[in-house]
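Since the structure is predicted, the reported quantities are computational estimates derived from the model, not experimental observations.
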Amino acid sequence: MEDTIGAFNDSFNASLRYPWNISLYNETFVLGLYPSGYTLPHIVLASIVATLLMIVIVVGNMLVIIAIVTEKALKNIQNWFIASLAVADFFLGLVIMPFSLANEIMGYWIFGYWWCDIYSAMDVLLCTASIMNLCLISLDRFWSITQAVDYLKKRTPARAAVMIALVWLLSALVCIPPLLGWKRPTPAEEFPKCKVSWDEF
């Protein structure tokens with residue numbers, strides 16, 4: 001009885017000192033593979049599923065971009081907005097998701113503070129651009145239906161290009177301040193984190 005209590009106390013003390021890699025299994029604390037605490041089967045399954053998803057996102061959006069650029073029948077103004085959305089989603093799948101997967105699986109950021117800043121800024125830029133492109137597509141469809149004649153006359157290639165540029169410019173304005181130093185200082189840690197600071201200044 002005393003041996004059992006002693007073993008449980010040792011496991012409990014270990015969980016307090018190393019909370020990142022302890023999981024409960026048959027009333028015994030077992031060290032995980034990474035600080036995230038995921039087991040090897042979880043890591044393999046998540047890697048396979050996320051990799052397949054990234055391939056679908058990258059290839060699918062790349063095909064959309066190629067189709068709009070090369071097919072004459074698709075080179076109309078309303079498809080420009082779809083191409084802009086596809087560009088944002090393409091780079092999300094190609095640049096952001098692989099590092100997000102590694103960060104989630106390992107439980108800490110291994111790629112350095114410099115790339116963390118670039119990665120965070122690009123994440124915010126591309127996610128914001130994706131959302132705003134969806135809003136732009138919705139507005140374009142709404143105006144095309146409710147103000148069909150007037151709006152289609154006003155929707156010139158130049159104005160459509162300005163609308164798309166404004167989407168990307170506003171998205172960039174959201175992500176630039178942290179790169180210029182408007183962020184919480186990152187302390188030195190054994191297992192560094194990489195996340196966007198939501199602190200108010």
Practice prompt. Show your reasoning for whether side-chain contact (heavy atoms from CB on, under 4.5 Å) applies to D89 and L92.
Written response: CA-CA 5 Å; D89 291 342; L92 271 174; 4.0 Å; yes
Worksheet entry | Residue pair S171, M132: steps toward the side-chain contact (heavy atoms from CB on, under 4.5 Å) verdict | CA-CA 8 Å; S171 301; M132 295 186 70; 3.7 Å; yes
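Note on F90: it clusters hydrophobically with L134, by side-chain heavy-atom contacts below 4.5 Å among ILVMFWY residues. A continuous path of hydrophobic side-chain contacts links L136 to F142 [ILVMFWY only; heavy atoms under 4.5 Å]. Put simply, L170 and L126 are part of the same group of oily side chains (I, L, V, M, F, W, Y) that touch within less than 4.5 Å, one to the next. Linking Ile, Leu, Val, Met, Phe, Trp and Tyr whenever their side-chain heavy atoms come within less than 4.5 Å puts L53 and I105 in one cluster. The hydrophobic cluster containing L139 also contains W80, counting ILVMFWY residues as joined when their side-chain heavy atoms lie under 4.5 angstrom apart, directly or transitively.
Panel note: side chain N76, backbone N79; a donor-acceptor pair is recorded below 3.5 Å. W109 places a side-chain N or O within donor-acceptor distance of the main-chain N or O of G112, the cut-off being under 3.5 Å.
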Only pairs under 3.5 Å count here: list side-chain donor-acceptor contacts from residues 94-103, not counting sequence neighbours, and write none if there are none.
from: S100; atom 1: OG; to: I96; atom 2: O; distance (Å): 3.1
from: S100; atom 1: OG; to: Y119; atom 2: OH; distance (Å): 2.5

Going by atom type alone, with no hydrogens or angles, which donor-acceptor pairs under 3.5 Å involve a side-chain atom of residues 67-75 and a protein atom two or more places apart or on another chain?
from: T70; atom 1: OG1; to: I66; atom 2: O; distance (Å): 2.6
from: K75; atom 1: NZ; to: V69; atom 2: O; distance (Å): 3.1

Only pairs under 3.5 Å count here: list side-chain donor-acceptor contacts from residues 44-52, not counting sequence neighbours, and write none if there are none.
from: S47; atom 1: OG; to: I43; atom 2: O; distance (Å): 2.7
from: T51; atom 1: OG1; to: S47; atom 2: O; distance (Å): 2.6

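Applying the salt bridge (charged side-chain N to carboxylate O under 4.0 Å, His left out) rule to pairs touching residues 146-169 yields D140-R155, sequence neighbours excluded. Sequence neighbours left out, the pairs with a member in residues 37-125 that pass disulfide bond (SG atoms under 2.5 Å apart) are C116-C194.
Applying the side-chain contact (heavy atoms from CB on, under 4.5 Å) rule to I118 yields the partners W114, W115, M122, L179; only residues at least two apart in sequence or on another chain are considered.
With rounding to the nearest 0.5 angstrom, the CG atom of L85 is 7.0 Å from the CG atom of N61. From I131, atom CD1 reaches atom OG1 of T128 across 6.0 Å, with rounding to the nearest 0.5 Å. Of the inter-residue distances, the one linking F81 atom CZ with M163 atom CE reads 4.5 Å to the nearest 0.5 angstrom.
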